[in-house]
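These notes are about the structure you will find just below.
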Amino acid sequence: MDEEDPIGWARNLFLTADDQPIYLDGNSLGMLPRRSLERVDRLLRHDWGRGLVRSWDTWMDLPAVVGDLVGTELLGAAPGQTVISDATTVNLYKLASAALDARPGRSVIVSDSANFPTDRYLLEGLAQARGMALTLVDFPEVEGPSPELLAPHLNAETALVSLSHVDYRSGAMADMMAINEVIHRSGALGLWDLCHSAGAVPVELDRTGSDLAAGCTYKYLNAGPGSPAFLYVRRELQRSLRQPIWGWFGQVDQFAMGPGFNPVEGMARFQSGSPNVVGIALVQEGARLLAEIGIHRIRAKSIRLTSLLVDRFREWLAPLGFALLTPTDPERRGSQICLGHPYAQGICRALIEEGSVIADFRPPDRLRLGLAAPTTRFVDVHDAAWRIKEVTESGAFQFRGDRAVGIS
Ligand SMILES: *Cc1c(COP(=O)(O)O)cnc(C)c1O
């Protein structure tokens, strides 16, 4: 399968070592593209070191230029609707706050009780600060949110619905278009978290009628730890929305240093302060690389990778007490497989300690295996499943530590 892989060449564009464990955590922190090393070296030595403050001439446009690259190549967003700024948490907060302001008189925020913690926390904070209610809906554990199960929770009181497109634990992928329709029928705005979608599956923000979205770039976009996030606002909404952190990067005629805040037209109004230039340059390298490989080819390989792992699960791991906690239909999942096992935490730790497989553990009992298509080989999937089987059979995991590793 690796010999016939049309994007098998892509792995060489990343830094690898022969003695490296099988890396199945690219959905937590993606691997380092070799070109990023050169890019940062040039940026630091030449642009900053020599160019000094003059280089801001080229840096000022980076949030929009790289935002458009990410938007057009990976998110199905026409130019002028995506910028790079801040962290995902901050962007979600800004967009949620702007959405609530745009729906005065409505008092309920709706999300998923299994949504990523930061999403739930920031919505909880917003609800508390505004005296609103936060409704966390319990969707099926494996299949995640569906329009049918969401609809009964939405009505004329709903201001905002915030969901993850691909669930960080189960990997379930929501039907964006159908859910947007249900949200819009209630008159609310929708906010999508794309952390486990961007760079892994083709997202169609414009075509599905999405309102708002944000997501990170250090997972499938391979832009490095803490790299800045993206945010998307549908063009027709931009003028009517105001995010809460009024800063000079969102101001008309920024360097006139004028007296009062007057937000610019377009996406720059969703920026606040100085952009993280080094981080955005890394996003640019990561996104260019994925664009070169092609998001549809990435998706095609990802489906074959996750399907291979499901086959190995059925053959080797189900008999050992593992449960598949990811949808079996490949069209309904992202690029990861989640396996439940009472000793998942110890098994994950034992694999990392023996230096064979890096995966991650998510409470309460999940082993999460991220299969980033540009960097994962089919043989990696086969070998990793075999090691999981052997470690589980050996019982070597039983007294391992109890700490989760990595960032979601
Ligand atoms: C990784 C992740 C985040 C991370 O947010 P940060 O602000 O970058 O820490 C948010 N949401 C989801 C669903 C994630 O998987």
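Each ligand, and each atom within it, is numbered from 1 in the order the structure gives.
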Please could you name the atoms of ligand 1 that [X] approaches to less than 4.0 Å, counting only its heavy atoms?
| X | answer |
| --- | --- |
| Lys219 | 1 (C), 2 (C), 3 (C), 14 (C), 15 (O) |
| Ala87 | 7 (O) |
| Tyr218 | 1 (C), 4 (C), 5 (O), 6 (P), 8 (O), 9 (O) |
| Thr89 | 5 (O), 6 (P), 7 (O), 9 (O) |
| Asp119 | 10 (C), 11 (N) |
| Cys195 | 2 (C), 3 (C), 10 (C), 11 (N), 12 (C), 13 (C), 14 (C), 15 (O) |
| Asp193 | 10 (C), 11 (N), 12 (C), 13 (C) |

Between Asp41 and Arg45, is there a side-chain N and carboxylate O pair less than 4.0 Å apart?
->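 Judged by the 4.0 Å cut-off on N to carboxylate O distance, Asp41 and Arg45 do form a salt bridge.
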
So do the side chains of Leu371 and Leu24 get within less than 4.5 Å of each other, counting heavy atoms only?
-> yes

Below 4.5 Å, heavy atoms only, C-beta onward: do Leu149 and Pro140 meet side chain to side chain?
-> yes

Taking only residues two or more places apart in sequence, or in another chain, which ones meet Tyr121 in a ring pair (Phe, Tyr, Trp, His ring centres under 6.0 Å)?
-> none

Within reach of ligand 1, part of Thr118 (heavy-atom separation under 4.0 Å) = side chain

List the atom pairs, donor and acceptor, that lie under 3.5 Å between side-chain atoms in residues 278-296 and the rest of the protein, sequence neighbours left out.
from	atom 1	to	atom 2	distance (Å)
Gln284	OE1	Arg39	NH1	3.1
Gln284	OE1	Arg39	NH2	2.8
Glu285	OE2	Arg39	NH1	2.8
Glu285	OE2	Arg288	NH1	3.3
Glu292	OE1	Arg35	NH1	3.0
Glu292	OE2	Arg35	NH2	3.1

If you draw a 6.0 Å radius around CZ in Arg130, do more than 12 non-hydrogen atoms from other residues or ligands fall strictly inside?
-> yes

